[in-house]
Amino acid sequence: MKRLDVDNLGERLTRRLAGRLSRRSALARLGALLVAAPAFPLLPVQRARAADAAQSKPKGTDFSRAAQTHDDKACNYWRYCGIDGNLCSCCGGSMHSCPPGSQPSPTSWIGSCINPDDDRAYLIAYRDCCGAKECNHCSCLNTDHAMPIYRPQANNHVIWCFGTQSFEYHCSMAVLVGLAQ
Amino acid sequence: MKRLDVDNLGERLTRRLAGRLSRRSALARLGALLVAAPAFPLLPVQRARAADAAQSKPKGTDFSRAAQTHDDKACNYWRYCGIDGNLCSCCGGSMHSCPPGSQPSPTSWIGSCINPDDDRAYLIAYRDCCGAKECNHCSCLNTDHAMPIYRPQANNHVIWCFGTQSFEYHCSMAVLVGLAQ
Amino acid sequence: MKRIAHEAAKAAASVGALLIAAALGATVWSTARAAGAAAPPVLQSETAGVTPFAGLTPHELTYSTMDGLTGGGIRIIDGDTAKLVASVYSSQYANFAWAPDHRTLYVSETYWTLGNRGTREDVLSIYGGPTLSNEGEITLPGRLISDPKTHTFALSSDGRYGYDYSFQPAPAVTVIDLHSRKVAASVEIPGCGLVFPFGERGFASLCADGSLAVADVDAQGKYTVRRTKRFFDVMHDPVMDESVADGRSGLAFFVTYDGWVHPVQLADTPRFEKAWSLEQAAGMSAATSRGGQITWRPGGQVPFAYQRSRHRLFALMHEGPPWSFEKPGSEIWVLDARSHRLLHRWDVPESAYLVAVTADAHPLLFALSQSWLWVMDPDSGAVLRATQILTPGLVRVRGE
Amino acid sequence: MKRIAHEAAKAAASVGALLIAAALGATVWSTARAAGAAAPPVLQSETAGVTPFAGLTPHELTYSTMDGLTGGGIRIIDGDTAKLVASVYSSQYANFAWAPDHRTLYVSETYWTLGNRGTREDVLSIYGGPTLSNEGEITLPGRLISDPKTHTFALSSDGRYGYDYSFQPAPAVTVIDLHSRKVAASVEIPGCGLVFPFGERGFASLCADGSLAVADVDAQGKYTVRRTKRFFDVMHDPVMDESVADGRSGLAFFVTYDGWVHPVQLADTPRFEKAWSLEQAAGMSAATSRGGQITWRPGGQVPFAYQRSRHRLFALMHEGPPWSFEKPGSEIWVLDARSHRLLHRWDVPESAYLVAVTADAHPLLFALSQSWLWVMDPDSGAVLRATQILTPGLVRVRGE
């Protein structure tokens, strides 16, 4: 299996989004300019976790067989294969935009999920929005390829609010990082 | 209506409890020695509230007609005619004893309730136990003769945790103060 | 095989959610595979940001969650979609108000350095900017800590001053200059409580003897407090903490446990108008606290809302005995506050503890139970939409 | 008349409550009026105090509430009555442990001076004395903030030292001298996490490569960390965070997602025993993470409990596919940890996320769902009693 070139991830993340993405993405871009641009990857642990995610090829899990690509407010949306928490899409945000009143953490853990529309595995950054109280809408617990906490780079129980003003967990995003293979 | 002699209240409260009270009272006495003895009445506002309670003779309320004298874990126990919150009797304490992990506030508001067994009206100090998180058992909202917050001496919405180490509300006791008439 | 059944239920639920999402115009992500076409393009990487907040809209409701277990927090729900729009952190027992720009949120709250112990800090926290983020705090000399009460915190109608009711346990009102972000004055109001701002810098408070305290300020910023006459009988039929007041016009409706509405034009010398009865407005006898009379009475946690433009008073009403002023409403009564007539009696799907009405030309009526928000049409009583909420404490809508 | 119906319901409920109270031997207050006798005596005034706390009893369960909305807190429930006995404040994301005296409770927790912001303070809070009151805090250099994990905090078996796992995000173990109430050391454990004390002052941690880190200390208090061999395949079948370890004997059972039990005698040089399969102990094929196999698997939040005196391992089991290690258990399997045999399969009334067993001669088994605590007989599987609880995070019983 080809290992992911993590050094290109930062560059990829700073690239403009393709034009075909929606109006909501335009809002997200604006949001990203208003807060500090997500510094990614920053920590050595993040390189390790991206490598992990690429290594554990997510073929044929129970989740991936039932996943859908239409509704980002449902727990079985394809990107949420490893999400644990409240979907930001149900809290006034989106899959890559925190609701007003919260801030995206620059750190996250990384999983990989299969998109049923193209059968490709993508790296997904499960990034927490921090600062407001727990949103309590659309609580999902998907654990595909989630690792124990002693392997934190792939663990969804850590509160990933390092680097923000607050450790108060509000909701979780599923930001598309790139192809896993 | 005879106004209550509030200056005697303090003395009455420091008196030993009558022998016929239960084992639980012995525990409560012990508890009272372990914490600072409840300084009552301390504040000018407390004299005012005792006077209030004695003034508003609690005859013939909906609550008093349905009240019982057997079960201090039920909202319709006679002493609870003006209680708003969790019964300490359901939280590891009693009507006059805070559960371990919490402390009785030296301040309280005072109501008066009719005891159906002797048809007498008694002054009841609704004293909050403070320090632990809200108990969340036996939540009652009885409002006989409860006054608005701008008349705090008879208001059950104020968090009566003045004078304790913590303002964290845990549960409410209904301590028998004496006859209202 | 329970697992299979569970998956099927999830799939069904997601179809439902999809229909709702589509109906509300939510963005639907799909990389639909063109039949027989080339492989779909690889999805592009995304950046993470914050959804901008352009200000509270006329149909948005802001509510604080009830204290105790949920421990505070403020949420904004769009009445047009019944969806959560934004959330702001707060302590438990907080109050809050929006600046006239509808973008700046002030939160009056209390913290201890070690959760329930340590050093106490009373602050007015400021949220705003493009993403409703924290913009600092103003330290307060004290605050009342109590179950939620609307009139413990308010702004002057121009948004220049904040007024925070303090009870330590001596009652006072803290006046905060929001331009300089400093406490301007601490005004003692012995025997009184709550705060109802009027005019440019004045405020009134309700007093334990049935009168009002009226505070006015001189050019040097010094406050003088005077008492009005007693206008209600506090021992037998007190006015509720949760009366309504329109800060813009200074018109207050102080409503008693028995449903007597005392209209008062707040001013340096308040004008007391003749009281009228909610029950008489409905063609019933006036309620009384004597004899255990069962009748329709106002009650709940925030039982009244006032729509200035149409002079309409909304009241949560229930059938009950005296001293039942905290029982939730099974009906919302719509009253004309000028003619003292009942216009409508609307059923609510579940007994409501709080009511609110928007101030715009096409108003929405909100009824809140312990766990549901019902969005209603104030003119037809129809339930337009609903959403589950955390137990609500206080509500605010945009003033116009 | 809804009111009447409501009152009737309340009366019926109170009769029920009375019966329960009587059955449980609760104090019943009554000033029963003697028929035809003189007027009853006037009730005497009372003083207010605190119910004494004489230490955790062998049948009492301590649980922390789940984080997020409920915001922490620790509660003690008596397994013999299913009643709440005491409550201790905590921050959210706290962990806790009882001293060997069963009277002193240590709480590892984190606060910010302004709730969600301000200055962070990581502390080990001490509760004890006759009423389980706060006796101060020891400042910690840092902590992991995560969903509840049993093995982020533990005491040495003699109660002299506390071990707190820190992740900032560099992993370390803070060693606290509980006699002097000072931090004794901060031991870095790169690539590892969690803490399993053994012996007088040693501890082990699980490592991301499938090995253990073993820390031992010299006479000067300096810790040395060494790695053992890799004993499990972390990428394909990692051992769970919520494995069980008996601090007294140093015997740990590290259980994998697929149900392989790795018994390890913790020591300076750990002894790794041959792994055995929970499923094979039940006469089934061993579970595998390949091919989407649906079989019985361990899962939940705290899925294992160990009873040292009878060498019994209790496991929450569900039928599910690979990666379902957080699904709650529909059954509790009782296994002999020496013979590797399944002794019983007990149904639980509602799928359970946590399991615990008391350490005394007449043990009780506890199964915890999201909102119920079920007290069971470990030998018959009978449900003895139940009570509603707040969503549980972690559980601890008295060690003997």
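Letters go in sequence order (proteins before strands), and every chain restarts at 1.
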* Asked: Going by heavy atoms in the side chains, are B:Phe63 and C:Pro321 under 4.5 Å from each other?
  -> no
* Asked: Are the side chain of C:Asp241 and the backbone N or O of B:Pro148 linked by a donor-acceptor pair below 3.5 Å?
  -> no
* **Sub-4.5 Å side-chain heavy-atom contact between C:Ile145 and B:Val158** => no
* Contact check, side chains of B:Phe167 and C:Arg120, non-hydrogen atoms, under 4.5 Å -> yes
* Answer yes or no: are there more than 12 heavy-atom neighbours, outside C:Glu188 itself, under 6.0 Å from its atom CD? => no
* Structure fact -> In this structure, OG1 of C:Thr110 is separated from CD1 of B:Ile159 (nearest 0.5 Å) by 11.5 Å
* Non-hydrogen atoms of chain B under 4.5 Å away: do they reach the side chain of C:Pro238, the backbone, both or neither? -> both
* Can you say whether C:Leu206 sits under 4.5 Å from chain B via the side chain, the backbone, both, or neither, judging by heavy atoms? -> both
* **Side chain to side chain, B:Asn156 and C:Glu326, heavy atoms closer than 4.5 Å** => yes
* From B:Thr143 OG1 over to C:Trp323 CH2, what is the distance, rounded to the nearest 0.5 angstrom? -> 8.5 Å
* With chain C, which of B:Ala132, B:Gly131, B:Ala146 has the greatest number of heavy-atom pairs at distances under 4.5 Å? -> B:Ala146
* To do: Please report the closest heavy-atom contact between C:Met235 and B:Met147, naming both atoms and the distance.
  => O-CE, 3.7 Å
* Any chance CD of C:Glu350 has more than 12 other-residue heavy atoms, nucleotides or ligands included, within less than 6.0 Å? -> yes
* Quick one: does B:Ile149's side chain get under 4.5 Å of C:Ser146's, heavy atoms only? -> yes
* Structure fact -> Between C:Asp209 and B:Arg151, the two heavy atoms sitting closest are N-NH1, 4.4 Å
* **Test of ring centre spacing under 6.0 Å for C:Tyr165 and B:Tyr150** => no
